[in-house]
Amino acid sequence: MMMMQMQMQMQETPKQKNSLFNAMNSFIGAVNNMDQTVMVPSLLRDVPVDEHSELSSLKADVDEGDMYSHYQLLKSIRTDIEWGVRCAAADERCKESLKINRTNSSASTSSSSSSFSSMSLSSSEEEDDDDEEEDLEKQFQFHLVGLHGVLSKLTQQANCLTKCYKKEAGIGGWGQ
């Protein structure tokens, strides 16, 4: 399986190297490698992150500052990418969305009676639609670049955690 992934990575064109799909695959591969390497995750408990600069950027986002919490976080993110967001988070967002939709629909109902009186679209409204489409494209590009950057950092952190585990477990030269 690993050999097939390596062959697929070698066949990438320079343009594909920066694709979101490849960034996700690289992250998932790094976490899978980490998961296969870390046979005893409890060895990561109480190992401070401060010693490892690549992992320390996650420290502020995680309640516990040990490598075990980072291991769990990376695995959780992998699961979210593979299977979608966690049900609890999705349910919460769904509830929030319903509240927002109810608020917007009640506000739009009162304004819709006045908007029905002028049925023709003005040129300014058409320009607004064009601006919205342009804004959506800019927003998409912004988030795509951000997501690619985050996935690249997470991939580095998964690789670093794997190396640190090997060092802690005394298996530094294995698998390289």
Side-chain angles (χ1 to χ4, degrees), residues 1-98 100 136-176:
M1 176 88 172
M2 280 299 260
M3 187 62 142
M4 189 181 343
Q5 285 179 341
M6 292 171 85
Q7 288 175 342
M8 290 178 72
Q9 288 176 353
M10 287 181 197
Q11 295 172 357
E12 292 176 357
T13 66
K15 290 181 183 179
Q16 289 175 323
K17 180 181 176 187
N18 294 322
S19 79
L20 180 60
F21 184 72
N22 284 340
M24 287 190 302
N25 281 336
S26 293
F27 169 71
I28 290 169
V31 174
N32 287 343
N33 183 41
M34 175 191 76
D35 207 16
Q36 291 172 357
T37 302
V38 177
M39 296 294 187
V40 185
S42 62
L43 287 178
L44 298 171
R45 288 194 190 276
D46 302 324
V47 176
V49 176
D50 296 336
E51 301 167 10
H52 311 285
S53 61
E54 289 179 20
L55 291 173
S56 61
S57 64
L58 265 182
K59 187 175 183 180
D61 298 337
V62 181
D63 293 339
E64 303 168 31
D66 65 358
M67 289 179 59
Y68 180 78
S69 61
H70 288 245
Y71 171 79
Q72 292 296 336
L73 178 65
L74 290 165
K75 285 180 55 172
S76 173
I77 293 170
R78 176 195 58 191
T79 301
D80 288 347
I81 289 173
E82 290 177 328
W83 299 102
V85 292
R86 290 181 208 104
C87 293
D91 289 345
E92 189 63 33
R93 275 183 275 171
C94 206
K95 289 176 188 175
E96 298 251 343
S97 171
L98 287 174
I100 291 169
L136 287 175
E137 184 178 1
K138 287 179 183 175
Q139 288 176 12
F140 174 75
Q141 291 298 324
F142 174 78
H143 289 292
L144 185 64
V145 168
L147 185 56
H148 190 278
V150 168
L151 285 169
S152 295
K153 289 178 185 176
L154 290 170
T155 301
Q156 289 174 347
Q157 291 173 346
N159 290 333
C160 180
L161 194 139
T162 303
K163 288 176 194 171
C164 294
Y165 175 82
K166 287 179 178 180
K167 183 178 174 183
E168 288 292 321
I171 54 174
W174 290 16
Q176 293 180 350

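The shortest side-chain heavy-atom distance between Y68 and Q72 falls under the 4.5 Å cut-off.
Taking CG of L154 as the reference point, atom CD1 of I77 lies at 4.5 Å (rounded to 0.5 Å). Put simply, CG on L44 and CG on L161 are 5.5 Å apart, with the number rounded to the nearest 0.5 Å. For the atom pair NZ (K166) and OG1 (T37), the distance works out to 5.0 Å, reported to the nearest 0.5 Å. Distance CG/L73 to CD/Q157: 8.5 Å, rounded to 0.5 Å. Between the OH atom of Y165 and the CE atom of M34 there is a distance of 11.5 Å, given to the nearest 0.5 Å.
Across all their heavy atoms, A169 and L43 have their closest contact at CB-CD1, 4.3 Å. Nearest approach of L74 to A158, heavy atoms of both residues: CD1-CA, 3.8 Å. Looking at every heavy atom in both residues, T155 comes nearest to A23 through OG1-O, 4.3 Å. Smallest separation of non-hydrogen atoms from A30 and N159: CB-OD1, 3.4 Å.
Shown here are the salt bridge (Lys or Arg N to Asp or Glu O under 4.0 Å) partners of D35, two or more places apart in sequence or in another chain: K75, R78. Listed by chain and number, the residues in a side-chain contact (heavy atoms from CB on, under 4.5 Å) with T79 are W83 (sequence neighbours excluded).
Counting only residues at least two apart or on different chains, no salt bridge (Lys or Arg N to Asp or Glu O under 4.0 Å) pair has a member in residues 21-34. Residue pairs satisfying the salt bridge (Lys or Arg N to Asp or Glu O under 4.0 Å) criterion with at least one member in residues 19-28, sequence neighbours excluded, are absent.
Checked by atom type and distance alone, the side chain of Y71 never pairs as donor or acceptor with a backbone atom of S42 at under 3.5 Å.
Remark: E137 CD is loosely packed, at most 12 non-hydrogen atoms of other residues, nucleotides or ligands lying under 6.0 Å away.
D66 and S69 share a side-chain donor-acceptor pair at under 3.5 Å.
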Which pairs would a plain distance check flag for residues 140-150, meaning a side-chain donor or acceptor within less than 3.5 Å of a matching protein atom at least two apart in sequence or in another chain?
{"unit_1": "H148", "atom_1": "NE2", "unit_2": "N18", "atom_2": "O", "d": "3.3"}

